[in-house]
Amino acid sequence: MFFRLVILPLSVFIPVYLSIIVSRLADAPVLFASDALPAAIYAAVVLFVYAVLKLSGYRGSLSVPGLAVMFCGLGMMFQMRVGMVVSLERVSFSQWAFPLGACAMLAAFLSGRGGRLRKLEPLWFPIMIASVAIIAFVLIVGRRYRGAVFLPGNVNPVEIVKPMLIVFISSMLAGHSSLLRRGFLGIPLPPVNIVLTIAILWAAPMLMLVLQGDFGMFALMNATLVIMIYAAAGRLLYLAAGLAAIVLLARLAIPMTARGLARWNAWIDPFSVATGAGWQPLQGLVGLYSGGFFGTGVGAGSPTVVPIVESDFIYIVLGEELGIAGCFFVMLFYILFTAQGMRIASRTPDVYESTVATGITSCIALQAVFNIGGVTTAIPLTGIPLPFLSHGGSSLVTTLLMVGMLMAVSDSSESGAGHSGKRKTGGRRRARRGTPAPRRHVKPYDDSAAGSSDGEAAV
Amino acid sequence: MLHVLTNALSPEVLKFVFAVLRVIFYLCCIAVVVFSCRGNTGGARRYTRGLQWVPVVMICAAFAAILAYQASWQLAGFARHDFVEFMEIYNRRPDNAAHNVRRGKILDSKNRVMAEDSCDGSFSRVYPYGEAAAHVVGYRMPGGESSGVENAADGILCGYEHPPESFADGMRTIGANVFKDVRELGTNVVLTIDADLQAAACELMSGRRGAVVAVEPGTGAVRALYSSPSFDPNRYDKSLGVAPDAPLLNRALHGLYPAGSTFKTMIAAMAVQYGVPLRIDCPAEGYLAPGANRPIRDHEYYSYKERGSVWGGFGKIGLDEALAKSSNTYFARAGVECGTDAFNKTVERLMMNERIVVLRGTNGMISVRASRVPVLGRGERRELSQLSIGQGRLLVTPFHMALAVCALANEGYIMRPRLLEEQEPSQMTQVFSAAAARRVREAMRYAVLHGTARKADIPGLGVCGKTGTAQNPGGEDHSWFVCFTTAVRTNLAVAVVVENAGFGSAQALPVAAGILRRAYGLDSEVSSASVKQRAAPAAEAPRKSGALEQRHADGTGGESRTEQPAVRGALEQRRADGTGGGDRTRPPVRGERTRSAGKGVLFPNAGRRQ
């Protein structure tokens with residue numbers, strides 16, 4: 001545990017950190033306290049996380065917290081690299097977001113473990129109302145900045161809506177998973193009233209996102225929803241049709257707004273708007289090209305030429321200074337994280353927890369895909385930050401909070417906790433609601449192997 | 001202590017330290033991957049839900065696709081032309097990655113470098129011949145603003161004009177370049193231009209406005225293309241566009257000048273071809289064309305008048321005399337005699353009013369501006385008489401004029417002008433019959449030996465020439481000279497115009513003669529005996545073999561150039577006539593003319609009617 005939670009993240013962190021320090025020393029023989037600060041903070045937080053997990057008897061997947069912590073280290077280093085860590089005095093999220101986020105992660109884990117995450121299930125309606133309210137509040141109070149809406153201090157509370165939406169829609173999907181699975185010859189034919197209910201409930205926050213003009217998040221949450229429906233219902237056609245619908249919708253909707261149209265054109269032919277909307281992505285690609293295969297070495301490139309590189313374009317810094325080899329590893333880490341998250345989801349006997357875990361994992365993975373695809377111009381820019389790495393405290397804290405929830409799910413399934421009377425409660429409530437309660441221990445995909453292990457899972 | 005560290009971090013050490021740290025980083029990454037792949041604590045049988053791998057595979061596929069796409073920029077961005085141009089202008093990084101993408105060189109016909117990428121790490125192109133070849137080679141600014149061959153052959157120079165034959169081929173080319181420090185995907189361009197001639201033109205034209213064009217009549221190869229004033233492409237800046245005397249204007253291709261007496265050569269050939277009587281009376285009072293109110297008189301009339309005496313006129317003269325003396329009366333009358341239809345037809349065959357594309361690339365082209373020769377209606381004989389002496393509403397480019405005399409030098413055919421050695425010689429148009437061309441050639445030879453072009457005679461080359469002095473509304477007369485050699489294996493036609501310089505024989509002629517001397521290595525007084533040996537093999541052999549070698553090296557196809565039958569026929573014909581031997585110094589006697597003119601195949605009556 002110590003090895004995977006402390007040694008491995010630090011071993012990735014240290015070469016990058018040393019590289020930055022060496023590049024600073026090569027410029028001038030001066031070191032500031034702010035140069036040592038990130039390392040100190042990072043080491044302290046990593047040890048703290050380890051200590052808490054050790055003492056609390058964490059039994060879940062070690063890869064999930066390990067990869068998350070390692071990602072945060074890389075993120076801190078690249079923020080430091082592009083000059084976002086300025087001094088001890090200035091309260092900068094790049095230094096303090098990770099400690100804060102780690103606390104959020106541990107809090108989510110501790111409060112959600114042992115099946116307590118399921119307590120959120122009946123609270124779906126207040127959660128939905130709250131998420132709509134948050135978006136509305138930000139829309140009214142916040143100010144526009146670079147196309148997004150922020151509260152004072154550049155806090156973006158809309159980020160917190162992501163886990164809220166996942167939690168809320170998981171209740172719906174888990175509750176109706178068997179109905180959603182109904183179908184004929186592989187074609188899902190769920191009852192219309194269920195579909196309508198889910199659609200209307202989902203439409204409210206989505207409408208708010210559209211009003212806010214946050215099409216990136218709109219696309220992200222819808223893609224996440226598609227994967228969650230698939231996971232809950234176990235029908236491939238949901239996935240295929242949903243993704244096709246998203247691509248089609250994006251094709252139709254993106255060019256409808258001025259900002260979307262500019263990004264669309266910059267994607268179709270960046271060179272036609274080279275000094276306008278195409279400038280940032282093209283400068284990013286120039287950075288990548290300068291990096292080549294092995295990169296220039298962290299601290300040796302000049303990624304700050306790219307405007308606002310610390311935010312959505314942090315991947316470019318990575319590509320320039322660690323080369324496409326470094327990019328490959330980062331992608332691999334995201335894939336491993338996804339695989340681990342899905343593994344957690346698949347090993348959880350509880351449909352609700354499983355759906356939440358799927359939602360969280362796919363949300364983080366899709367953010368990475370959208371962001372990396374956008375900055376490499378493989379898909380249009382969406383303005384979605386790169387999870388763990390991009391500048392932005394709200395994003396990092398939210399992401400780590402979601403990781404904490406994932407850890408809670410993992411811990412409760414691995415320690416065999418939580419197939420207690422809770423189920424009955426849920427069943428009763430469901431019965432009251434007048435819908436069948438087919439949920440617990442029902443496999444979305446019925447195979448005998450899973451069926452045989454079904455009973456033992458509760459032991 | 002930190003000072004010691006900083007001092008120790010020389011660039012090499014720094015590079016090494018970065019490399020070591022990166023390797024450690026990658027190794028640690030591998031460790032993370034290995035341990036993250038390994039299962040979890042506790043391997044007991046667990047509840048397992050199916051199908052969760054599908055999203056993972058999906059995400060994997062998405063990342064793989066993105067990584068592949070990213071690699072197409074990060075590793076193979078050099079193959080994207082737009083991207084390299086963007087980097088050239090807008091990359092503010094201290095060591096610009098666009099540097100490692102090299103354009104091909106521009107070479108002259110003897111493989112001398114006329115343009116190449118500088119080696120000092122800036123993008124600038126280096127032009128060793130500077131001003132001398134500025135217009136033909138052109139300039140190129142970082143980011144693609146370019147002119148001349150740099151613009152028209154951009155696709156070849158950058159390597160995207162010849163797309164790879166198969167996808168695998170293209171991938172192989174890219175793959176071979178991915179790990180190179182310097183990526184050279186472009187190919188070199190070998191011009192037909194002779195840098196020596198460019199330099200000579202630059203020297204000879206110094207300080208005067210005008211243009212020099214030298215074309216090989218037999219192959220269409222453009223050997224020199226110079227426009228004066230010129231500019232230094234090594235130090236190009238935008239202010240040149242509004243500089244006085246328009247140094248960016250390529251006068252050789254785009255300058256329109258009244259042709260003056262040089263156009264009389266065309267009228268002469270037309271007259272021979274259409275069989276009008278060639279002995280024409282040229283009295284002092286000149287020729288009053290039908291419908292004209294002022295007669296066209298000879299130059300002598302005015303110079304005598306100025307001196308206060310009266311000129312008696314040329315009397316009845318033949319073609320040789322007329323060309324030698326550049327008689328206005330003679331050609332005005334001869335032109336009107338041929339008629340407007342003949343004139344229109346000749347102009348059409350000369351492709352005077354057409355824009356001739358010399359080099360067409362994907363990015364742009366080098367073309368000759370269409371000259372302006374009016375198409376005459378049936379009754380416009382007054383106009384015709386003016387045009388026949390190269391005045392009136394007639395404007396030609398120096399390049400067109402050079403091509404026009406090529407028709408005389410090449411048995412009536414004009415070969416398509418070409419700037420690249422890889423362009424195959426091909427016939428563009430037949431203007432005159434071989435007999436007519438030969439007849440006028442003799443007359444032009446006579447003009448060199450006995451007439452206004454006397455100073456152009458260079459022993460051993462058999463120069464035929466015609467001076468021109470073109471009146472123009474813009475001031476002093478333009479000075480013209482067109483000439484070509486007849487006595488060497490690879491002949492050369494030269495057209496020179498010097499703006500507002502007065503008599504053609506005084507200004508343009510020495511330039512043309514200088515070009516010819518340089519072309520055949522006669523700069524230092526060489527005896528005519530040694531010319532024979534040097535001029536023929538030395539001028540031809542290395543040029544061609546060099547071009548072939550280059551083509552082999554580039555892999556653009558190694559088949560040897562086949563000479564067009566028309567050309568070969570013309571050469572053989574000339575040799576059979578005894579004019580191709582290389583030592584035609586004997587002036588043609590008048591009696592001979594009938595014989596050679598009578599040999600015309602297409603127009604057998606041309607000689608008879610004389």
Side-chain angles (χ1 to χ4, degrees), chain A residues 4 8 11-12 15-16 18-19 22 25-26 29 59 61 63 67 70 227 231 234 271 274 282 285-286 288-291 293-294 297 300 302 305 319 324-325 327-329 331-332 335-336 338-339 342 345-347 349 354 362 365 369 372-373 376 378 414 443-445 447 450 453-454 456-457, chain B residues 2-3 5-7 9 14-15 17-19 21-22 24-26 28-33 35-37 40-42 45-56 58-60 62-63 65-67 69-71 73-75 77-78 82-83 85-87 90-95 97 178-179:
Chain A
R4 294 179 66 171
L8 277 183
S11 71
V12 171
V16 179
L18 284 181
S19 197
V22 166
L25 275 179
R59 293 191 59 190
S61 161
S63 298
L67 282 170
M70 186 217 65
I227 297 184
F271 298 105
L282 280 177
L285 292 172
V286 171
L288 289 182
Y289 182 72
S290 314
F293 197 90
F294 289 112
S302 0
V305 167
I324 203 164
C327 290
F328 169 73
F329 281 118
M331 282 186 176
L332 211 54
I335 290 172
L336 285 172
T338 313
M342 289 301 176
S346 72
R347 284 164 72 96
S354 172
S362 42
V369 170
I372 297 177
T376 54
E414 296 299 330
K443 304 151 295 296
Y445 186 78
D447 64 79
S453 65
D454 193 7
E456 276 124 348
Chain B
L2 285 177
H3 279 280
L5 256 176
T6 303
N7 293 339
L9 289 171
L14 206 59
K15 219 173 166 181
V17 171
F18 279 135
L21 287 173
R22 243 174 305 155
I24 296 175
F25 173 79
Y26 295 139
C28 294
C29 285
I30 293 172
V32 172
V33 171
F35 281 98
S36 300
C37 282
N40 233 326
T41 52
R45 285 155 67 201
R46 297 284 176 194
Y47 180 92
T48 308
R49 213 175 287 273
L51 278 185
Q52 298 302 52
W53 56 270
V54 173
V56 179
M58 213 178 67
I59 298 285
C60 266
F63 273 125
I66 292 172
L67 193 70
Y69 185 73
Q70 184 187 343
W73 292 93
Q74 190 155 6
L75 302 180
F78 54 84
D82 292 353
F83 186 50
E85 279 188 354
F86 178 85
M87 278 197 284
Y90 297 122
N91 187 359
R92 299 191 202 126
R93 288 171 173 79
D95 57 337
V178 163
F179 290 105

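Letters A, B, ... mirror the listed sequences (proteins, then strands); counts begin at 1.
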- prompt: So what's closer than 4.5 Å to chain B heavy atoms on L18(A): side chain, backbone, both or neither?
  reply: both

task: Could you label the plane-to-plane angle of the F294(A) and Y26(B) rings as parallel, tilted or perpendicular, counting under 30° as parallel and over 60° as perpendicular?
output: tilted

- prompt: Of the backbone (N, CA, C, O) and the side chain (C-beta and beyond), which part of V33(B) lies under 4.5 Å from a heavy atom of chain A, both, or neither?
  reply: both

message: Counting heavy-atom pairs under 4.5 Å with chain A, which one of L67(B), N91(B), I24(B) comes out on top?
response: L67(B)

- prompt: Does any heavy atom of chain A fall under 4.5 Å from the side chain of R22(B), the backbone, both, or neither of them?
  reply: side chain

- request: Rounded to the nearest 0.5 Å, what's the gap from CG on L288(A) to CG on L75(B)? Could you check?
  value: 9.5 Å

message: Quick check for you: to the nearest 0.5 Å, what is the distance between S302(A) atom OG and R92(B) atom CZ?
response: 11.5 Å

field: Pairs of heavy atoms under 4.5 Å with chain A: top-ranked of A62(B), G77(B), A19(B), A65(B)
entry: G77(B)

message: Run the side-chain contact (heavy atoms from CB on, under 4.5 Å) test on I59(B) and M342(A) for me, step by step, so that the C-alpha distance in whole Å, both residues' side-chain angles and the decisive distance to 0.1 Å come before the verdict.
response: CA-CA 11 Å; I59(B) 298 285; M342(A) 289 301 176; over 6 Å; no

field: Residues in ring-ring contact (aromatic ring centres under 6.0 Å, His included) contact with F83(B), at least two apart in sequence or another chain
entry: Y289(A), W73(B)

message: How close do A365(A) and F63(B) get, counting heavy atoms only, and between which atoms?
response: O-CZ, 4.4 Å

query: Contact part of S362(A) toward chain B, heavy-atom cut-off under 4.5 Å: side chain, backbone, both or neither?
result: neither

message: Restricting to non-hydrogen atoms, name the atom on I324(A) and the atom on Q74(B) that form the minimum distance, rounded to 0.1 Å.
response: N-NE2, 3.3 Å

- prompt: So which part of L285(A) gets closer than 4.5 Å to some heavy atom of chain B, the side chain, the backbone, both or neither?
  reply: both

- request: Show your working on side-chain contact (heavy atoms from CB on, under 4.5 Å) between F35(B) and L8(A) and close with a plain yes or no.
  value: CA-CA 9 Å; F35(B) 281 98; L8(A) 277 183; 3.7 Å; yes

message: Would you compute the distance between atom CG of L25(A) and atom CG of L9(B) and round it to the nearest 0.5 angstrom?
response: 6.5 Å

Sequence-distant partners of I66(B), side-chain contact (heavy atoms from CB on, under 4.5 Å), two or more places apart: M331(A), V369(A), I372(A), T376(A), A378(A)

- prompt: Based on non-hydrogen pairs under 4.5 Å, which of I30(B), V56(B), L21(B) is most in contact with chain A?
  reply: L21(B)

- line: Under 4.5 Å to a heavy atom of chain A? For Y90(B) that would be both

message: Rounded to the nearest 0.5 Å, what separates atom OG in S36(B) from atom CE in M70(A)?
response: 7.5 Å

query: Heavy-atom distance under 4.5 Å to chain B: side chain of F271(A), backbone, both or neither?
result: side chain

